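If you're wondering where the values come from, they're calculated on a predicted model, not measured in any experiment. Both counts, for ligands and for their atoms, begin at 1 and track the order of listing.
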Amino acid sequence: MNEKNRLTAAVVPCSAQPLLFDETLCAGCNRCVEVCQVDIMIPNPEKGRPPVVLYPGECYYCGSCVMECPVDRALRLQHPLMNRAKFVPARG
Ligand code: SF4
Ligand code: SF4
């Protein structure tokens, strides 16, 4: 390929880490990549390894990727801390 026409991509830094892959279980089938409607990840250039999450901040935690994954526990969602907290009324 002509160097001038080569496309590159880099992970966009973000404090959120929405997807947790278990590298020992993930088969690198990329079904999660295909089902994501906001395309936050791309297939890993290394065959058989978990996808690369390029845009972690764009995930809206729909869970489709986890449901589509054929390997139990290979992929889990990690919700932002604010969404995991439970707020209760203060008692006077
Ligand atoms: S939870 Fe939804 S938006 Fe987030 S990576 Fe999975 S499919 Fe994409
Ligand atoms: S669908 Fe599951 S096994 Fe396939 S690449 Fe994604 S996390 Fe890995």
Practice task
Could you tell me if any non-hydrogen atom of G63 lies under 4.0 Å from any atom of ligand 1?
Solution key: yes
Completion exercise
Taking only non-hydrogen atoms of L77 and a 4.0 Å limit, the atoms of ligand 1 in range are 1 (S)
Completion exercise
The side-chain contact (heavy atoms from CB on, under 4.5 Å) partner of L75 among C65, C26, P51 is C65
Handout entry: Under 4.0 Å to a heavy atom of G28 - the qualifying atoms of ligand 2, by number
Key = 5 (S), 8 (Fe)
Completion exercise
Residue, atom and distance of the protein heavy atom nearest atom 4 (Fe) of ligand 1 read C59 SG, 2.4 Å
Problem - Subset of ligand 1 atoms that lie under 4.0 Å from at least one heavy atom of I40 - result: 5 (S)
Exercise for the section: Provide, to 0.1 Å, the distance between atom 8 (Fe) of ligand 1 and the closest protein heavy atom, together with that atom's residue and name. Expected result: C36 SG, 2.4 Å
Completion exercise
side chain to side chain donor-acceptor pair (under 3.5 Å) pairs touching residues 55-70, sequence neighbours excluded, are R31-E68
Problem - Minimum-distance protein heavy atom relative to atom 2 (Fe) of ligand 1 - result: C62 SG, 2.3 Å
Fill in the blank from the handout: For V38, the ligand 1 atoms with a heavy-atom partner under 4.0 Å come out as 3 (S)
Completion exercise
Rounded to the nearest 0.5 angstrom, the NE2-CG distance for H79 and L81 is 12.5 Å
Exercise for the section: Heavy atoms only: give me the nearest Q78-Q17 pair and the separation to one decimal. Expected result: NE2-O, 3.0 Å
Completion exercise
Value for CG (D72) from CG (D22), rounded to nearest 0.5 Å, stands at 10.5 Å
Exercise for the section: Measure from the side-chain N and O atoms of N44 to the backbone N and O of P50, and report whether any donor-acceptor pair falls under 3.5 Å. Expected result: yes
Practice task
Could you tell me if any non-hydrogen atom of V35 lies under 4.0 Å from any atom of ligand 1?
Solution key: no
Practice task
Working to the nearest 0.5 Å, report the span between CZ of F21 and CZ of R76.
Solution key: 11.5 Å
Handout entry: Interatomic spacing from CZ in R73 to OG1 in T24 - rounded to 0.5 Å
Key = 11.0 Å
Problem - C29 side, atom SG; E34 side, atom CD - distance, nearest 0.5 Å - result: 8.0 Å
Problem - Distance below 2.8 Å from atom 2 (Fe) of ligand 2: protein N/O/S atoms - result: C69 SG
Handout entry: Which residue and heavy atom of the protein sit nearest atom 5 (S) of ligand 2, plus the separation
Key = N30 N, 3.2 Å
Problem - Student check: side-chain heavy atoms of C32 and C69 closer than 4.5 Å - result: no
Exercise for the section: Using a 4.0 Å heavy-atom cut-off, say whether V66 meets ligand 1 through its side chain, its backbone, both or neither. Expected result: neither
Practice task
With M41 as reference, evaluate V52, L19, L54 under the side-chain contact (heavy atoms from CB on, under 4.5 Å) test and give the passing residue.
Solution key: L19
